[in-house]
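Since the structure comes first, as structure tokens, the remarks are kept for the end.
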Amino acid sequence: MATFSLLRFSPLPPLQTLPKSRPLLPSPIVQIPLRLKSTAAIRSIPRSNTILASYRPAVPASNRLLAGLAYSLPFLNSLHYARFLFARFPAAAAAAAPLVPLVSAYRAIPYASFVAFFALYLGVVRNPAFDRFVRFNSMQAVVLDVLLALPVLVQRVVGVPSRGIGFRLLVLGYDAIFIFSAACFFYSLANCILGRTPYLPLVAAAADRQL
């Protein structure tokens, strides 16, 4: 009975004396290897991508030469747009003087432009024996040659103004067309010699769809 009375009347310990639970802290042992692993993975990804991106197969010299020569077709066909520019700037006419015999021989052959056009399109662009570098540049030259022929067709329909504001617009248009054609020729030729693929505005998208 005495034991029962002691158990009955003994006061319980206050709740405040119970040890408070502390929040668990993240273990530094687990975080250290994870950080090292993620850092190593992040550093390894750009190195592999850089190595793969920097690797480019070399273009043979024969393909570079053939791709660069393809742009001579639209350039030769655009020389007649430079008549007013050469008349105003004799220095530019003197720089183009070495091309006069080549242009004369080119124009002396009947239908030389059409023959060269179809030879480039059927013999190179549609020929699977050539790689994509040669075919794409040849297709760009073909598309550029077609674009340069459009003003001549419009001129035949509308006519050629001989004076006034119409003649001034004609001169301005001729100069702009020739400057654009010359810039495309030298830019494409330099890139083809270096083994790079030039992408011409208004031409590259149409050429890519044809391949």
Side-chain angles (χ1 to χ4, degrees), residues 61-127 130 133-163 166-194 196-204 206-207 210:
S62 58
N63 292 348
R64 298 182 188 183
L65 180 61
L66 183 59
L69 289 177
Y71 292 98
S72 61
L73 174 65
F75 179 71
L76 292 177
N77 291 333
S78 67
L79 285 176
H80 68 277
Y81 291 111
R83 62 180 70 176
F84 303 109
L85 187 66
F86 289 164
R88 294 197 309 271
F89 300 98
L99 297 177
V100 173
L102 179 61
V103 175
S104 300
Y106 175 73
R107 293 180 178 178
I109 302 175
Y111 304 102
S113 179
F114 293 98
V115 173
F117 178 87
F118 286 105
L120 185 62
Y121 181 75
L122 298 177
V124 179
V125 175
R126 295 303 179 186
N127 191 351
F130 296 99
F133 180 80
V134 177
R135 294 171 61 233
F136 177 77
N137 284 281
S138 301
M139 192 64 217
Q140 277 202 133
V142 168
V143 175
L144 183 60
D145 188 62
V146 171
L147 292 179
L148 293 175
L150 293 179
V152 177
L153 298 178
V154 175
Q155 184 177 338
R156 291 180 179 178
V157 174
V158 177
V160 181
S162 58
R163 58 183 179 178
F167 180 75
R168 294 180 181 178
L169 293 176
L170 177 66
V171 172
L172 183 61
Y174 269 42
D175 294 345
I177 292 173
F178 176 73
I179 291 174
F180 174 76
S181 175
C184 291
F185 172 72
F186 290 110
Y187 171 76
S188 303
L189 181 62
N191 279 272
C192 290
I193 292 175
L194 296 176
R196 302 173 181 174
T197 303
Y199 294 96
L200 301 178
L202 306 176
V203 177
Q210 297 298 324

- Item | Euclidean distance, S104 OG relative to I109 CD1, rounded to 0.5 Å | 11.5 Å

- Out of curiosity, L172 CG to L85 CG, how far, rounded to the nearest 0.5 Å? 11.0 Å

- Task: May I ask you to test the F130-V124 pair for a side-chain heavy-atom distance under 4.5 Å?
- Result: yes

- Task: Specify the closest pair of heavy atoms between V152 and H80, including all atoms of both residues, with the distance to one decimal.
- Result: CG2-NE2, 3.7 Å

- Message: Test your reading of the model: is there a side-chain donor-acceptor pair from Q210 to the backbone of V143, 3.5 Å cut-off?
- Response: no

- Message: How close do A70 and N137 get, counting heavy atoms only, and between which atoms?
- Response: CB-O, 4.5 Å

- Parallel, tilted or perpendicular: which describes the rings of F75 and F185, with under 30° parallel and over 60° perpendicular? parallel

- Message: Checking L79 against F178 for the side chain to side chain contact (heavy atoms under 4.5 Å, CB included) test, could you report, in this order, the C-alpha distance in whole Å, the side-chain angles of both residues, the deciding distance, and whether it holds?
- Response: CA-CA 7 Å; L79 285 176; F178 176 73; 3.6 Å; yes

- Where do F133 and A67 come nearest, in terms of heavy atoms and distance? CE2-CB, 3.7 Å

- Item | Rounded distance [0.5 Å steps], CG in L73 versus CG in D145 | 4.5 Å

- Task: For R135 and N127, work out which heavy atoms get closest and say how close.
- Result: CD-O, 3.5 Å

- So SG of C192 and CG of L69: to nearest 0.5 Å the spacing works out to 9.5 Å

- Task: Kindly compute the distance separating CG (L99) from CG (L76), expressed to the nearest 0.5 Å.
- Result: 7.5 Å

- Given the options L148, I179, L147, S78 meets side chain to side chain contact (heavy atoms under 4.5 Å, CB included) only with L148

- When rounded to the nearest 0.5 angstrom, what distance separates CD in Q155 from CG in L150? 12.5 Å

- Query: Which residue pairs pass the salt bridge (charged side-chain N to carboxylate O under 4.0 Å, His left out) test when at least one of the two sits in residues 65-88, sequence neighbours left out?
  - Reply: R88-D175

- Should the heavy atoms of other residues, nucleotides or ligands under 6.0 Å from CZ of R168 be counted, would the total exceed 12? no

- Query: So, F84 versus F167, ring centres under 6.0 angstrom or not?
  - Reply: yes

- Task: Would you check if F180 and L144 make a side-chain contact, meaning some heavy-atom pair closer than 4.5 Å?
- Result: yes

- Measure up the F117 and Y121 rings against each other and bin them: parallel (under 30°), tilted (30 to 60°), perpendicular (over 60°). parallel

- Query: Looking only at heavy atoms, what is the nearest atom pair of P101 and A97, with distance?
  - Reply: CD-O, 3.8 Å

- Message: Taking the ring centre of each residue, are Y199 and F136 less than 6.0 Å apart?
- Response: yes

- Message: Tell me the closest heavy-atom pair linking P151 and Y81, and the distance in Å.
- Response: CB-OH, 3.5 Å

